[in-house]
Amino acid sequence: MNVEAGAAKLRLGIRGLRAACAAVEREIAASTTPGAVLGVLHQDRDWYYAAGYANPKPMQGQPVSTREETLYDCASLTKVVVTLPLILQLIDDGVLTLTTKVSDILTSFGSAGKEGITIGQLLTHTSGLQADMNLHAQGWSREQMWDAVLASPLAAKPNTEVIYSDLGYLTLGRIIEKVLGMPLDQAAKQRVFDPLNMRHATLTPDPEQTERYAATEYDETVQGHLCGIVHDEKARALGGICGHAGLFATAGDLLLYARMWLGQGTIPAAPHTEVTGHVSRILSQAAAGTAVRTHTGHIQGSNRGLGWVLKGDKMDASGDWMSPGCYGHTGFTGTSLWIDPEFDLAVVLLTNRVYGGRSTSVAQLRAQVHNALTGAVAK
């Protein structure tokens, strides 16, 4: 993890790379997060920096490892790493379109004014669905929870505002399962993770290998910090296999995914990917390009692609220096993935900032890291 060697490998300025790593160390020292992994991809070269602890409890004291080892609860990165590519693939396959009505696939969804809501509106959070719903504290069965999600009323008129909605992506996950006839975790493994050689990415963490997972918040039900158990309450109640949250992955997994987007949907051919078979694309170039163009220009204060957050949106975490064409997403647990094609740069920042509760924020850390790394690019 030598920073000088990292700068040389990445062809980035040493000052910027050192500043990004120092920003991570400052937040760990301030107890914003117990540990972090920073993954950087530039000109098809990757490098990783790890600091702090995956689980700082004295009896465990598990240091953070880098590319291959520590898996983080990615939270809402699930939306763009699992659900988005699977939906785009189904559009590529001629099975769905952006204007397909959700109720044509999930008939129980077509109530309470939702009859005309489309796949595209769910992807862009313009469906009018409410942001969230308390599913886990009602004593409901799994099917009752799904019934509640699909029957939920609208919070706004469709296509008039952006409401960042977990319910929309829960519904998209359900659509994928219905259309493909398989659970979401299997679909993700077969159609995304395996082709990209994302060897550690999973929606079904191994309970026998908790030492490999960065711990998140303390939870009374397990009498300890969640470790290899999804933090999001809705996802946990539904068994962890959901379209809005539930992904666990390493920084290396996520940079492989980012490399695919920088390649406009192609499977990376770098030597360490060990890609097998004859598949050369995850997504068509048309799908990849359309996903990162704005679809909410008519809604003030928003700039959303299909799934992705674009520059200038209220949830933009790109910092100051990334280009107008950058895109990314964050996760509630303290994770983020940001991609800038103009600078041929992708940045993964994985933290477990909810370890000590939900009051800490890594928003400034993301901006500082992105600024330092973008500033280190010499075009």
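What you see is a predicted model, and the numbers here were worked out from it, not measured in a lab.
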- prompt: When you measure from the side chain of Thr296 to the backbone N and O of Ile299, does any donor-acceptor pair fall under 3.5 Å?
  reply: no
field: Asn303 side chain to Asp313 backbone, donor-acceptor under 3.5 Å
entry: no
- request: Please identify each residue that fulfils ring pair (Phe, Tyr, Trp, His ring centres under 6.0 Å) with Phe193, with sequence neighbours left out.
  value: none
Pair Arg293, Thr290: side-chain N/O donor-acceptor within cut-off below 3.5 Å: yes
query: Counting distance only, does the side-chain N/O of Gln190 pair as donor-acceptor with the main-chain N or O of Ala187 below 3.5 Å?
result: no
query: Roughly how far apart are His244 NE2 and Thr78 OG1, rounded to 0.5 Å?
result: 8.0 Å
task: Could you check Glu177 against Ile241 for side-chain contact (heavy atoms from CB on, under 4.5 Å), going step by step and ending with a plain yes or no?
output: CA-CA 11 Å; Glu177 293 184 328; Ile241 302 173; 4.3 Å; yes
field: Evaluation steps, side-chain contact (heavy atoms from CB on, under 4.5 Å), between His295 and Thr126
entry: CA-CA 9 Å; His295 292 260; Thr126 58; over 6 Å; no
field: Side-chain touch Gln89/Leu283, heavy atoms, less than 4.5 angstrom
entry: yes
task: Answer with yes or no whether the hydrophobic clustering places Val192 together with Leu254; edges join I, L, V, M, F, W, Y residues whose side-chain heavy atoms lie under 4.5 Å apart.
output: yes
Heavy-atom neighbours of Arg142 CZ exceed 12 at 6.0 Å: yes
- line: Smallest heavy-atom separation, Leu255 atom then Ala346 atom, equals CD2-O, 4.1 Å
message: Between Arg26 (side chain only) and Leu365 (backbone N and O only), is there a donor and an acceptor less than 3.5 Å apart?
response: no
- request: Show your working on side-chain contact (heavy atoms from CB on, under 4.5 Å) between Leu247 and Leu203 and close with a plain yes or no.
  value: CA-CA 5 Å; Leu247 172 67; Leu203 291 165; 4.1 Å; yes
field: Salt bridge flag under 4.0 Å for residues Arg174 and Glu143
entry: yes
field: Non-hydrogen side-chain atoms of Ile229 and Tyr213 separated by less than 4.5 Å
entry: no
task: State, yes or no, whether a side-chain contact exists between Trp47 and Leu17 at a heavy-atom distance under 4.5 Å.
output: yes
- prompt: In terms of ring plane angle, is the pair Phe332 and His231 parallel, tilted or perpendicular, where the classes change at 30° and 60°?
  reply: parallel
- prompt: Who passes ring pair (Phe, Tyr, Trp, His ring centres under 6.0 Å) against His225, sequence neighbours left out?
  reply: Tyr218, Tyr355
- line: Distance col, row Asp344:CG vs Leu41:CG, nearest 0.5 angstrom, shows 7.0 Å
query: Taking atom CD of Glu27 and atom OG1 of Thr360, what is their separation to the nearest 0.5 Å?
result: 9.0 Å
field: N-O pairing of Glu342 and Lys311 below 4.0 Å
entry: no
Side chain proximity check, Trp338 to Thr330, heavy atoms < 4.5 angstrom: yes
Check against side-chain contact (heavy atoms from CB on, under 4.5 Å), Val24 and Leu349: CA-CA 9 Å; Val24 171; Leu349 180 61; 4.2 Å; yes
Rounded distance [0.5 Å steps], CG in Leu77 versus CG in Leu84: 12.0 Å
field: Arg212 side-chain N/O to Leu71 backbone N/O, donor-acceptor pair under 3.5 Å
entry: no
message: Salt bridge check, Arg236 against Asp219: does any charged N sit closer than 4.0 Å to a carboxylate O?
response: yes
query: In this structure, are over 12 heavy atoms from other groups packed under 6.0 Å from Gln300 atom CD?
result: no
- prompt: When rounded to the nearest 0.5 angstrom, what is the spacing between SG in Cys326 and NE2 in His370?
  reply: 9.0 Å
message: Among residues at least two apart in sequence or on other chains, which ones pass side chain to side chain donor-acceptor pair (under 3.5 Å) with Lys101?
response: none
- request: Ignoring hydrogens and angles, tell me if any N or O in the side chain of Arg45 forms a donor-acceptor pair with the backbone of Val40 under 3.5 Å.
  value: no
message: Keeping Asn371 on the side-chain end and Gly319 on the backbone end, is there a donor-acceptor pair under 3.5 Å?
response: no
task: Measure from the side-chain N and O atoms of Lys178 to the backbone N and O of Ile105, and report whether any donor-acceptor pair falls under 3.5 Å.
output: yes
- prompt: Under 6.0 Å from the NZ atom of Lys189, do we count more than 12 heavy atoms belonging to anything else shown?
  reply: no
- prompt: Is there side-chain contact between Ile175 and Thr100, with heavy atoms separated by less than 4.5 Å?
  reply: no
- prompt: Would you say the side-chain atoms of Lys114 pair up with the backbone N or O of Leu150, donor to acceptor, closer than 3.5 Å?
  reply: yes
task: Using a cut-off of 6.0 Å, state whether more than 12 heavy atoms not belonging to Trp321 lie near its atom CH2.
output: no
- request: Determine yes or no for a side-chain-to-main-chain donor-acceptor pair under 3.5 angstrom, with His42 supplying the side chain and Leu10 the backbone.
  value: yes
message: For His125 and Tyr164, take the angle between the two ring planes, folded into 0 to 90°, and tell me which bin it lands in: parallel under 30, tilted 30 to 60, perpendicular over 60.
response: tilted
- line: Here the pair of heavy atoms bringing Gln130 nearest to Ala155 is CA-CB, 3.9 Å
query: Is a side-chain donor-acceptor pair under 3.5 Å present for Asn352 with Thr33?
result: yes
message: Please report the interatomic distance OG(Ser141) to CG(Asp147), rounded to the nearest 0.5 Å.
response: 7.5 Å
